[in-house]
There are 2 protein chains.
Amino acid sequence: MPVNQMDPTPLYEQLAAILRDQIRRGDWSSGELLPSESYLQQEHGVSRSTVRAALKLLRDEGLVITITARGTFVK
Amino acid sequence: MPVNQMDPTPLYEQLAAILRDQIRRGDWSSGELLPSESYLQQEHGVSRSTVRAALKLLRDEGLVITITARGTFVK
DNA sequence: GAGAATTTGTACGTATGTATG
DNA sequence: ACATACATACGTACAAATTCT
């Protein structure tokens, strides 16, 4: 389910929901590295700012952790 | 022909008519970016709300499309 | 170790979207 | 219709840290 520009829900929230589902579904297991911001940006057709806002939500939920210049890992 | 406060026609309709003519006249070609709402606002001496209302009319006519954070483009 | 490439961090500037008075 | 404020989103540029060659 891609992000939907027509949906009034903010894009970063939509993207966070998508990634959250993929994580819970097990697309990436614990300790595994998520795709880079650059990749997610192209994959979902949004700006990097939006990707980062989405990842921040997941971080705040404690679902992932981000390490500078390394990437974002599943908790 | 600038918008006329004395004219009982709503300002946003007057502005829409002006922009419509400019588009049909070829001031901006297909795919081109229209001036920003901020620019149009100052250019025509109206509020941003009025500019947005005018652009909405043109969108509903299928004459232009607006992309968030990018601008309004001629169809 | 050196240098290039990759990835996240930060900072702007600009534009549209929404809400309020 | 207007003015204001803030949220959301895009794009760019550069810095900092890490990884790859």
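Predicted, not measured: the structure shown is a model, and the values here were computed from it. Only this structure's heavy atoms are used, side chains among them; waters, hydrogens and symmetry mates stay out. Order of the sequence lines fixes the chain letters, A, B, ..., with proteins taken first and strands second; residue numbering starts at 1 for each chain.
The side chain of B:Ser49 lies closest to D:dC2, out of D:dT18, D:dC2, C:dT16. Taking every side-chain heavy atom of B:Arg70 into account, D:dG11 is the closest of C:dG17, D:dG11, C:dA15. Closest contact between the side chain of B:Tyr12 and the listed nucleotides C:dT10, D:dA1, D:dA9 involves D:dA1. Distance from the side chain of A:Pro10 is smallest for D:dA9 among the nucleotides D:dA9, D:dT18, C:dT10. The side chain of A:Val46 has D:dC10 as its nearest neighbour among D:dC10, D:dA3, C:dT8.
Side chains of B:Ser38 and B:Gln41: a donor-acceptor N/O pair is absent below 3.5 angstrom, by distance only.
Checked by atom type and distance alone, the side chain of A:Ser30 pairs as donor or acceptor with a backbone atom of A:Lys75 at under 3.5 Å.
Base pairing of D:dC10: its partner is C:dG13, meeting the Watson-Crick or G-U wobble criterion (both donor-acceptor distances under 3.5 Å).
Rounded to whole Å, atom C1' of C:dG9 lies 14 Å from atom CD1 of A:Ile67. Distance, A:Gln5 CD to C:dA15 P: 19 Å, rounded to whole Å. For B:Lys56 and C:dG17, the NZ to C1' distance is 14 Å, given to the nearest whole Å.
Put simply, B:Ser47 has a side-chain N or O that comes within less than 4.0 Å of OP1 or OP2 on D:dC2. Dashed line: the shortest gap from a side-chain N or O of B:Arg52 to OP1 or OP2 of C:dG17 is under 4.0 Å.
Tracing side-chain contacts under 4.5 Å through hydrophobic residues (I, L, V, M, F, W, Y), one never reaches B:Leu19 starting from B:Phe73; they form parts of separate clusters.
The 5' end of DNA chain C is approached more closely, in terms of each residue's nearest nucleotide, by A:Glu37 than by the other of B:Thr66 and A:Glu37. When each of A:Leu34 and B:Leu33 is assigned the nucleotide of DNA chain C bearing its nearest heavy atom, the one mapping closer to the 5' terminus is A:Leu34. Between B:Thr50 and A:Leu11, it is B:Thr50 whose nearest contact on DNA chain D lies nearer the 5' terminus.
Crowding of A:Arg24 atom CZ: a count of heavy atoms from other residues, nucleotides or ligands under 6.0 Å not exceeding 12.
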